[in-house]
Amino acid sequence: MKTLYLTNSESDIKTAAAILRDGGLVAMPTETVYGLAANALDGNAVRRIFEAKGRPMDNPLIVHIADVSDIERLSLTADFPEKAQKLAQAFWPGPLTIIMKKGAAIPDEVSAGLSTVAIRLPSHPDARRLIAESGLPLAAPSANTSGKPSPTTAQHVINDMDGRIEAVIDGGACDVGVESTVITVATDVPRILRPGIVTREEIEAVIGEVEVDRAVLNKLENNEKAASPGMKYKHYAPRARVILVRGSDKNYTDFVNRCFKRDGDCAALCYAEDVESIAAPNVSLGSKSDLKQQAQALFDALRAVDELDGVTTVYAHCPTAQGVGMALYNRLIRAAAFQVITLPDKHIIGLSGQTGAGKSEVAAILRELGAGVVSADIAARQAVEEADVKAALSAAFGDVLNPDRSLNRARVARIAFSSKKNLRLLNSITHPRIVEIMLDMAAGCEQDIVIFDAPQLFEARADVFCEKNISVLSTREKRLERLIRRDHLRREEVELRMSAQYDEEFFIAHSDRIIDNNGTVEELRARVKEVYGRLTDGTA
Ligand code: TXA
Ligand code: MG
């Protein structure tokens, strides 16, 4: 099918209206995002929307009207309660969708089998002209491929829908940029199912107390039912993996820069104020204080990060969830598939080194000197007892649980160390969670400087959270001697263990400081003291 590209001229609107009356699909601008419209009273036409978008059939659509009187005139709802009328009066025409009991005229395709229907009277002049000209209520979801960011320009629509719909009307870029606030009045206390730029506070000023559905800000558990089916799907996602990063401005930009330096394949989705400090490719949402501007820019930005060359991960600076920020947070957390990193407000220092080099001694001295110490070994022990980790390990390596459902660690170790591939698999399951636990532990430390004591600091990619990385080195002979003495191992066993580790060059290349531990305990103490002094007076 060839998709007609229409303007908002009188005659083009007439053409589009005729397509709709014939059961066709037209993408139309609204003040929020572009909608993919069909005659809401025609189940067959509506079904084609689901096909064009690849949208699950259990996700209901919003019915767009040109005048409040359409609601009763066309039997769109069985009940137009007082609170809904007040909301309509206060916010229509505009970016608010009200869910009420559905009326006799609504086909099942629109409500996806629910007993309710969502209705909205948009303020965009082109949308209103089209609805009025067609003489129909229009069912219209956002005009993107299901799962992709919503379109805020006609070009976005073309990118997703060309050849799949009869026409698109170009009405320029959308002002609001995020979809309407969705509120249901079919519950005892009205409840916001999707936040938009009409905020909870503004709504409460008109109808009193409202609730915010749990799914707005949280991931639903597997057994939880979504009040709004749209909330359960992955959403707004660009091709690159998005991770939401919570933390101070400085911690965020430092973190992104370290990730970029290390991996070279990430980008930042940030605020205008961050841009100057970020070395990685970036897309700005605008000024940190201007939430409406950020909302306007959001979907375009999510599409723009995909056009950056070689970017596989996008670190998005986490917005506040207050006021209009709730709408931003809600979209971003879904774009991120609920992956959030919280950077502790600490100075984190990585400490690594080969087995037997004396890392633990250095950690102990640093602790005495006043640093907090977070042990990767302790975090690892905690991680492998978590249900999700155990499930992933069982899925990867077969039955690795003891009869009491605890992890059979000896068994896991045996399997993991039997091949490089298995070891990589084990690490890919456990490392991310171990690092998360370490970040939590760091946040809980009372000290300002926190040491990440981690033999696999670099393998676990924990070094990107550290302002500086220190490695402890000593000669092969010294390490052998210490390990044989400390762990009562045979020389061959120690050699086997040592051969699995990075060599000295690796640690030298990846560390900001090397602490040499080939001398006496006193010498070691003096060196650590010197390094710590530099860390605390900022000259490190
Ligand atoms: O701003 C907007 O609302 C845009 C423009 C085009 O009007 N439309 C839009 O539609 O965002 P859509 O389909 O992408 O999102 C509608 C959301 C979905 O999450 C859907 O599950 C929910 O509203 N919804 C629709 N009817 C519902 C109902 N009866 N009960 C609960 N949720 C409903
Ligand atoms: Mg949508």
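Just follow the structure's listing: the first ligand is 1, and inside any ligand the first atom is 1. Just so you know, these numbers come straight off a predicted model, no measurement behind them.
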Legend entry - Heteroatom N/O/S of S142 within less than 2.8 Å of the Mg ion (ligand 2): yes

Legend entry - K288 atom NZ, over 12 foreign heavy atoms within 6.0 Å: yes

Inset, instruction - Inspect the surroundings of CD in E201 and state if more than 12 heavy atoms from other residues, nucleotides or ligands are less than 6.0 Å away. - result: yes

Legend entry - Distance in Å, L285 CG paired with Q293 CD, rounded so as to fall on 0.5 Å steps: 8.5 Å

Inset, instruction - Quick one: look up the protein heavy atom nearest atom 20 (C) of ligand 1 and list residue, atom name and how far away it is. - result: N59 OD1, 3.2 Å

Inset, instruction - Could you establish whether P95 and ligand 1 come within less than 4.0 Å of each other, counting only heavy atoms on the residue side? - result: no

Legend entry - Contact atoms of ligand 1, heavy-atom distance to R55 under 4.0 Å: 12 (P), 13 (O), 14 (O)

Inset, instruction - Please determine which of H124, H64, R128, R120 meets the side-chain hydrogen bond (donor to acceptor under 3.5 Å, both in side chains) test together with T30. - result: R120

Legend entry - Protein heavy-atom partner closest to atom 27 (C) of ligand 1 - residue, atom, separation in Å: P60 CG, 3.3 Å

Inset, instruction - Kindly compute the distance separating CD1 (I434) from CD (E386), expressed to the nearest 0.5 Å. - result: 10.0 Å

Legend entry - Side-chain touch H317/V245, heavy atoms, less than 4.5 angstrom: no

Inset, instruction - State if M28 counts as touching ligand 1 under the rule of any non-hydrogen atom under 4.0 Å. - result: no

Inset, instruction - Name the closest protein heavy atom to atom 6 (C) of ligand 1, giving the residue it belongs to and the distance to 0.1 Å. - result: G35 CA, 3.4 Å

Legend entry - Winner among V178, V33, L114, I183 once heavy atoms are compared against atom 4 (C) of ligand 1: V33

Inset, instruction - Please report which non-hydrogen protein atom sits nearest to atom 3 (O) of ligand 1, along with the residue it belongs to and the distance in Å to one decimal place. - result: S180 OG, 2.5 Å

Inset, instruction - Number the atoms of ligand 1 from 1 as they appear, then name those within less than 4.0 Å of a heavy atom of I62, with their elements. - result: 3 (O), 8 (N), 9 (C), 10 (O), 16 (C)

Inset, instruction - Please assess I192 against I203 for the test side-chain contact (heavy atoms from CB on, under 4.5 Å), listing each intermediate value before the final yes or no. - result: CA-CA 10 Å; I192 293 174; I203 291 173; 4.1 Å; yes

Inset, instruction - Quick one: look at E31 and ligand 1, take heavy-atom pairs under 4.0 Å, and tell me if it's side chain, backbone, both or neither. - result: neither

Inset, instruction - May I ask you to test the E179-F299 pair for a side-chain heavy-atom distance under 4.5 Å? - result: yes

Legend entry - Residue and atom name of the nearest protein heavy atom (relative to atom 5 (C) of ligand 1), distance in Å to one decimal: T32 OG1, 3.6 Å

Legend entry - Check: E179 N/O within less than 3.5 Å of ligand 1 N/O: no

Inset, instruction - Just jot down the ligand 1 atoms closer than 4.0 angstrom to any heavy atom of A118, in number order. - result: 25 (C), 26 (N)

Legend entry - Residue pair M100 / T77: nearest heavy atoms and the distance that separates them: CB-OG1, 3.7 Å

Inset, instruction - Could you see which bit of A227 sits under 4.0 Å from ligand 1, with heavy atoms only: side chain, backbone, both or neither? - result: backbone

Inset, instruction - Could you tell me whether L193 approaches ligand 1 through its side chain, its backbone, both or neither, with non-hydrogen atoms closer than 4.0 Å? - result: side chain

Legend entry - Within 6.0 Å of CZ in R241, more than 12 heavy atoms from elsewhere: no

Inset, instruction - Around atom 9 (C) of ligand 1, find the nearest protein heavy atom and jot down its residue, atom name and distance. - result: S142 N, 3.7 Å

Inset, instruction - Would you mind checking which non-hydrogen protein atom is closest to atom 22 (C) of ligand 1, with the distance to 0.1 Å? - result: S228 OG, 3.3 Å

Legend entry - Positive for side chain to side chain contact (heavy atoms under 4.5 Å, CB included) with V110, one of D108, L114, I106: I106

Legend entry - Geometric N/O contact H64 with ligand 1, under 3.5 angstrom: yes

Inset, instruction - Work out which heavy atom in N144 is nearest to a heavy atom in P149; give both atom names and the distance. - result: CB-O, 3.3 Å

Legend entry - Region of K102 engaging ligand 1 - heavy atom pairs below 4.0 Å: neither

Inset, instruction - Step through the shown structure and confirm whether more than 12 heavy atoms of other residues, nucleotides or ligands are within 6.0 Å of CZ on R73. - result: yes

Legend entry - Within-cut-off N or O pair, T116 and ligand 1, under 3.5 Å: yes

Inset, instruction - Around atom 30 (N) of ligand 1, find the nearest protein heavy atom and jot down its residue, atom name and distance. - result: I99 CD1, 3.4 Å

